[in-house]
Each structure stands twice: as structure tokens, then as C-alpha cells.
Amino acid sequence: MALPGTPFLNIALIAEQRSTYRDQGYSDEECAALPHIGEADKVLTTLQELGHHVTLVPGIQALVKHLAAGTNKHWDLAFNMAQGFHGLAREAQIPALLDAYQVLYTFSDAATMALCQNKVSTKIILAHHKIPTAPFTVISREEQKLNLENLTDMLPHYPLFLKPVTEGSSKGIDTFSKVTEPADLESAVKKLRSLLPDQDILVEPFLSGREFSVSILGTGAQSRVIGVTEFLWKKPSSDRTVRNGSCNSLEFASRKSKCSDTDMLVERNDPGLMADTQVKAACQVALDAWKTFGCRDAGRVDIRFSSNELDAVPNVLELNPISGLLPGHSPLARSTEANGFPYKNLLAAIIQSALARKAAGNT
């Protein structure tokens, strides 16, 4: 049964199959940003439960074939879950094709996707609009010798944090990413370059405060926060800061912490979190960033506070204009369900947000 107000649509569900790339010899690390196993299937069945006819389009090559054959003319909407695989602006590739063929689709357009995927571009725009984000410098992939003196002039206080400029899903982030003294910086740069030699490296102060992922629904003035997830990393009890009954340490997400079977990473997304003063501040900064970048329909903004002080600043880490949708796993789905917004309603609301653009004559 469809939810009230939801029209029946012919929907193309565009989502890469992780198994396709694994069969080609790519590693789990290289496939980290692709939809999780079962994620596209869950979205497909839920869209069908909403009363829609769904055609699965497994990635960009399949989409190109549909566009060339003209079968896209029968689609009312493309539900875009594709993260892309090749290139520094891969998340923008599917939206660019859909724009060229005037196909209505969910989530942000190519320009926004490309901007948000590049953390340096993101931070420049945030700073221009006076939205809090940490100061930074960039180590170019073409830079042969690390200019430590110049970097220290830009960022004089340690610890620092290193991350690849155009990756997501914590790719390229490991224990070496947090650099506590100048003597360790060159080693950290070498390790990150060995993992991702084609990437520039973003260097910024390590933010030691609380970290949140703010889930947002809607576009422009209609955007609103519908859930928040707090990330907590455990340390031995002698080195924990207790906050609201939870342990909050000065750690960070990495591929290992996200994939580990241990309990080092804990997520809190209960409704009571929304009443927290710092959470309210994080939500406002996240909404400001979301609207500034023209993000659409649904996604997340990741926020980390500068310290654990009550007057700490909520800094934008990154925007996720296309976000995971696996129930029980992805922060967007988990946090919204925890706040009384069922998964089926979330997908229906995403579709309605996209349809509103068509009604306004803006696809």
C-alpha cells in the first residue's frame, strides 16, 4: 500500500552492486563507498511496497545503455543511490548524465555533489559564508618534499589530523591520521600517500570535542533536521570522559573502527539527544551548511566540536548530499527511525521532495 499522497511512479533505482567491483578484483577498502550488501535490495522492496514500479539500474554503465536506448523516457523518477567509482568527482557523474537527459532524480545535482566531495572546496565555501569549519592547509600529491616549516606557520598547534581530500566512508583514515608532534608528520604523510597516491592531503587541527552526524530532510527553506547520531569511541575506563551517561573519548572514525566487531565505536541516536544544548547548536550549523550548498531531499552533515568545553564551536567536517540508506546500519536511516520517522516514510518523503521540484518547474 502506498502512503497517502504518494503517487504511483515508474522509478529507476540507480545503485552500484558491490559484488560487481569485487568480482573485478577490487578490494573491500576500494569498494567502501559503494552501497552495502542488501542496501539496494531493501530500497527496491520498500519502493515497491509504496506502490511503485522499480527498475534496477546497476551503476553508470547500465545507465548509459538505458539513456542510449531511450528507455529512460518511461521513467517518472530516478532514485539515485550511486556513489560512482572512478574519478575525483565520481558522485557527480550520475547526476550530470541525468541532467543532460532531463531525467528527474533524487538528491543533489552534479555541482553540489562535486563541491561536497572535495573537502577543500567545501571548507573554502564554508569559511566564505562564516559557517564554522577548522582552519586547514593542503599537501599536494605533486609535492615531493614536505615543507614542514611552512605547514607549521599555517597550523602551529598540535595535534593535527590528516585525511584525503576527495574520499568518504573514512577511506584513508587510520591511527596515523592523528599526528601529535612534528616528528611524526612526515611518516603520516608517507603512509597516506602509499594508500591513496592520487589524492591531495587535507591537514587541519584535530578537533577533540563531541562528534555528530545530523540527518536532514528536504530542500532549501523546507529543510529540517529529522535525527542526530552521536559517535562515541571507548577507551579504558581511566581515560574516559563521561557525558550524559555515555563514554566520550578523544578518538575518531576510521575504516577499522567502522568495520571492527569490537565495541570501540558506539552510536547514540535516541530522541533525548535532540534536547541537548550542543546538539541544537550542531543542528543549526548543519542546516546552514545544507542550505548554503543547495543540498536536496535528504542526507547528512557531520559536525565535530572544537573541544569538550560547554562553549566549544561546532565545526562542519563534511557534507553528505548522498547518504547510505541501509536500515539498522546507516546513520541517516537509524537516527530518523529512532526519532519516530519510519524507513518507509523516509523514502516516501525523499520522493515527494524530488517531485516538488518538478511541480515547480525545476528538475
Side-chain angles (χ1 to χ4, degrees), residues 2-3 5-17 20 33-35 39-117 216-220 222-223 290 293-299 319-325 332 344 346-363:
L3 294 176
T6 304
F8 297 148
L9 304 171
N10 287 316
I11 295 178
L13 174 60
I14 307 174
E16 298 97 349
Q17 301 296 293
T20 300
L34 299 179
E39 185 175 345
D41 291 338
K42 181 60 179 177
V43 172
L44 188 151
T45 56
T46 303
L47 293 177
Q48 290 175 332
E49 290 170 5
L50 287 168
H52 305 302
H53 178 268
V54 185
T55 300
L56 179 62
V57 181
I60 191 166
Q61 293 179 345
L63 175 61
V64 168
K65 292 178 181 178
H66 277 284
L67 295 174
T71 52
N72 61 286
K73 295 176 182 178
H74 303 293
W75 301 342
D76 298 307
L77 175 72
F79 196 102
N80 177 33
M81 294 175 59
Q83 300 279 346
F85 199 79
H86 299 290
L88 299 181
R90 55 193 172 277
E91 292 178 0
Q93 292 167 356
I94 294 290
L97 280 171
L98 295 173
D99 279 335
Y101 280 81
Q102 297 182 292
V103 177
L104 179 67
Y105 59 93
T106 59
F107 306 121
S108 295
D109 62 21
T112 294
M113 291 289 194
L115 280 175
C116 292
Q117 188 166 354
I216 297 176
L217 177 68
T219 304
Q222 304 304 314
S223 304
W290 183 263
F293 280 79
C295 299
R296 309 190 309 201
D297 302 341
L319 291 90
N320 299 274
I322 187 165
S323 183
L325 287 169
L332 174 60
K344 185 180 290 187
L346 173 63
L347 297 195
I350 290 169
I351 290 171
Q352 289 170 344
S353 178
L355 293 177
R357 288 195 291 280
K358 183 177 181 181
N362 180 18
T363 57

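With hydrogens and angles ignored, the 3.5 Å screen pairs no side-chain donor or acceptor of S353 with any backbone N or O of A349. Formation of a donor-acceptor pair under 3.5 Å by the T112 side chain with backbone atoms of F293 is found in this model. Put simply, the side chain of T219 gets close to the backbone of D297: a donor and an acceptor are under 3.5 Å apart. In this structure, Q93 contributes its side chain and H86 its backbone to a donor-acceptor pair below 3.5 Å.
Nearest heavy-atom pair across T46 and K344 is CG2-CA, 3.9 Å. Across all non-hydrogen atoms, the minimal contact from A298 to I350 is CB-CG1, 3.7 Å. Across R296 and S108, no two heavy atoms sit closer than the pair N-OG, 3.1 Å. C295 approaches P321 most closely through the heavy-atom pair SG-CB, 4.1 Å. Counting all heavy atoms, side chain and backbone alike, A62 lies closest to P58 at CB-CD, 3.6 Å. In plain terms, the two heavy atoms of A15 and M81 that are nearest each other are CB-CB, 3.9 Å.
With sequence neighbours excluded, no residue forms a side-chain hydrogen bond (donor to acceptor under 3.5 Å, both in side chains) with T55. Here D76 pairs with L9, N10 under the side chain to side chain contact (heavy atoms under 4.5 Å, CB included) rule; sequence neighbours left out. For N80, there are no side-chain hydrogen bond (donor to acceptor under 3.5 Å, both in side chains) partners two or more places apart in sequence or in a different chain. Legend: residues meeting side chain to side chain contact (heavy atoms under 4.5 Å, CB included) with Q222, ordered by chain and number and at least two apart, are absent. Judged as a side chain to side chain contact (heavy atoms under 4.5 Å, CB included), and not counting sequence neighbours, the contacts of S323 are R300, L332. Taking the side chain to side chain contact (heavy atoms under 4.5 Å, CB included) definition, one finds that E91 meets it with Q83, M113, Q117, I322, sequence neighbours left out. F107 meets the ring pair (Phe, Tyr, Trp, His ring centres under 6.0 Å) test with F79; sequence neighbours excluded.
Between I351 and H52 there is a side-chain heavy-atom pair separated by less than 4.5 Å. When side chains are defined from C-beta on, K42 counts as touching T45, because their heavy atoms get closer than 4.5 Å. You'll find the side chain of L115 stays beyond 4.5 Å of the side chain of L319, heavy atoms only.
Listed by first and then second residue, the side chain to side chain donor-acceptor pair (under 3.5 Å) pairs involving residues 60-73 are H66-T71 (not counting sequence neighbours).
Here L217 contributes atom CG and W290 contributes atom CH2; the two are 8.5 Å apart, rounded to the nearest 0.5 Å. Interatomic distance, I11 CD1 to L56 CG, rounded to the nearest 0.5 Å: 12.5 Å. To the nearest 0.5 Å, the span separating CG on L67 from CG on L63 amounts to 4.0 Å. Remark: T106 OG1 to L355 CG distance equals 10.0 Å, nearest 0.5 Å.
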**Message:** Would W75 and V57 count as a side chain to side chain contact (heavy atoms under 4.5 Å, CB included) here? Give the steps.
**Reply:** CA-CA 12 Å; W75 301 342; V57 181; 4.1 Å; yes

